[in-house]
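To keep things clear, I will list the structure first and then write my remarks on it.
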Amino acid sequence: MEHLLKLLDMTGEEIIDVLNLADQLKYETKHGIEHPHLKGKCLGMIFEKSSTRTRVSFEVGINQLGGYAVVLASEGSQIGRGEPVQDTARVLSRYVDGIMIRTFEQQEVEDLAKYGSVPVINGLTDFCHPCQVLADLMTIREFKGSFEGLKMCFIGDGNNMMNSLIVGGLKVGMAVSVACPEGYRPPQEILDFAKGYDCFELTDDPMQAAKNADVVITDVWTSMGQEEERQKREAAFKGYCVDRNIMAKAKPDAMVQHCLPAHRGEEITEEVFEQNAQYIFEEAENRLHAQKAVMVKTMAK
Ligand code: CP
Ligand code: NVA
């Protein structure tokens, strides 16, 4: 695996391969078995948006693999002053062994990979959040045993999370249904991909999407960078809160996931969130293990 830019670039087998390694690394971490696959290697981390989980799990992860991290925030670096990504890519490639980037435009991540000469890992763009969804898939398999016969449902905005869940979910063999209001649907590129799967459903009715689901997932209605649209979005997403009524449509043993941070009372009720805390916080932990697997797959040569 050369980079992780988006799940669209991966085959289902490659995704399963990463999940298998993630499971193994989780086992080794829990049992104190050392796994210094990236001894002495440096991960450069670029943040043009805020982060708690991504920042900490990547830094702890590279350390557990025997390497170390250097963090670059857009504020205080030349990136924030407009230095072209083509130049940043070529400079950083001479210092570090891999780059994790969280930014707005997917094109910036693609360009970083194109102009640089080290592996690039997408830590979230407006288009997708592949690291999060690898952790989500890992968590689903951990609790449900396998992906076979499962239906995954996403309720909310056609954002980075919905995009990656559609692609990842379908590629590993789950049925995927998504509910979003008109005007907030996933981009055409994602819908074109999903069109090839009979087990994909797009609706504006959350109750319909949740019917017989094994996994129900949601995310914030206003993503980073969309703060000015908050009011408009709150109105558009009325009726899309994952609550006990929506959960009553899912299978009785359905699990809920949320990438966090969560806004209780908006996209999910306090009740549903807390009933599913064991899944949601395992999902957060699995960021660490899934990303370690991604770093090993891309950076260990
Ligand atoms: N879920 C997620 O990516 O969290 P952070 O924004 O805290 O990194
Ligand atoms: N959709 C959210 C995910 C945060 C992890 C955002 O982009 O802000």
Side-chain angles (χ1 to χ4, degrees), residues 4-7 22 43 45-62 69 71-74 99-109 121-140 154-169 178-181 184-187 190 216-230 232-234 236-237 240-242 256-264 266-268 273 276-277 279-295:
L4 175 60
L5 307 181
K6 54 188 181 299
L7 294 182
L43 177 74
M45 304 204 285
I46 301 173
F47 285 100
E48 299 189 56
K49 286 177 176 169
S50 305
S51 169
T52 296
R53 279 145 289 270
T54 306
R55 162 74 210 267
V56 177
S57 55
F58 265 107
E59 184 158 351
V60 169
I62 185 78
V71 181
L72 212 55
S74 55
I99 302 171
M100 190 290 309
I101 177 167
R102 164 168 288 198
T103 189
F104 296 86
E105 296 278 324
Q106 179 69 16
Q107 194 56 48
E108 190 179 335
V109 179
I121 300 170
N122 183 341
L124 180 145
T125 60
D126 293 343
F127 178 65
C128 64
H129 199 358
C131 289
Q132 178 68 53
V133 168
L134 289 172
D136 293 7
L137 295 174
M138 178 181 177
T139 312
I140 293 169
F154 182 96
I155 293 173
D157 188 20
N159 63 10
N160 42 19
M161 278 304 297
M162 186 187 284
N163 293 344
S164 289
L165 283 165
I166 290 172
V167 176
V178 302
C180 40
Y184 296 92
R185 291 186 171 166
I190 298 295
V216 178
I217 309 180
T218 188
D219 183 21
V220 291
W221 295 337
T222 303
S223 285
M224 290 181 276
Q226 299 171 333
E227 288 77 6
E228 285 180 1
E229 299 173 26
R230 180 176 296 282
K232 194 178 109 196
R233 286 173 166 272
E234 272 172 22
F237 286 98
Y240 286 76
C241 174
V242 175
V256 172
Q257 294 205 125
H258 193 308
C259 66
L260 304 175
H263 291 150
R264 292 165 170 81
E266 288 184 30
E267 75 275 4
I268 189 165
F273 183 93
N276 288 277
Y279 305 118
I280 292 169
F281 291 103
E282 201 67 34
E283 175 189 7
E285 176 181 329
N286 285 342
R287 292 293 302 277
L288 172 68
H289 310 298
Q291 288 158 196
K292 282 167 72 180
V294 170
M295 287 191 277

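Order of appearance sets the numbers: ligands from 1, and atoms from 1 within every ligand.
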Dump all N/O pairs between ligand 2 and the protein below 3.5 Å as a table: atom names plus distance, one pair per row.
| unit_1 | atom_1 | unit_2 | atom_2 | d |
| --- | --- | --- | --- | --- |
| ligand 2 | 1 (N) | N159 | ND2 | 3.4 |
| ligand 2 | 1 (N) | N160 | OD1 | 2.9 |
| ligand 2 | 1 (N) | D219 | OD2 | 2.6 |
| ligand 2 | 1 (N) | S223 | OG | 2.7 |
| ligand 2 | 7 (O) | N160 | ND2 | 2.8 |
| ligand 2 | 7 (O) | S223 | OG | 3.4 |
| ligand 2 | 8 (O) | M224 | N | 2.8 |

Close side-chain approach of [X] to [Y], heavy-atom, < 4.5 Å:
X	Y	result
N160	L124	yes
E283	Q132	yes
S223	D126	no
M100	I62	no

Donor-acceptor pair between T139 and E282 side chains, under 3.5 angstrom: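 No donor-acceptor contact under 3.5 Å links the two side chains.
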Identify, with sequence neighbours excluded, every residue that meets side chain to side chain donor-acceptor pair (under 3.5 Å) alongside Q107.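 For Q107, the residues satisfying side chain to side chain donor-acceptor pair (under 3.5 Å) (neighbours in sequence not counted) are D111.
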Output yes when a side-chain donor or acceptor of R102 lies under 3.5 Å from a complementary backbone atom of S50, and no otherwise.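 Looks like yes, one N/O pair under 3.5 Å.
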Check each protein residue for a heavy atom under 4.0 Å from ligand 1 and list those that pass, ordered by chain and number.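 Its neighbours under 4.0 Å (heavy atoms only) are S51, T52, R53, T54, R102, H129, Q132, C259, L260, R287, given by chain and number.
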For the residue pair W221 and F237, categorise the inter-ring angle as parallel (less than 30°), tilted (30 to 60°) or perpendicular (more than 60°).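 Rings of W221 and F237: parallel, under 30°.
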I'd like to check the ring-ring contact (aromatic ring centres under 6.0 Å, His included) partners of F47; sequence neighbours left out, ordered by chain and number.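 Counting only residues at least two positions away or on another chain, F47 forms no ring-ring contact (aromatic ring centres under 6.0 Å, His included).
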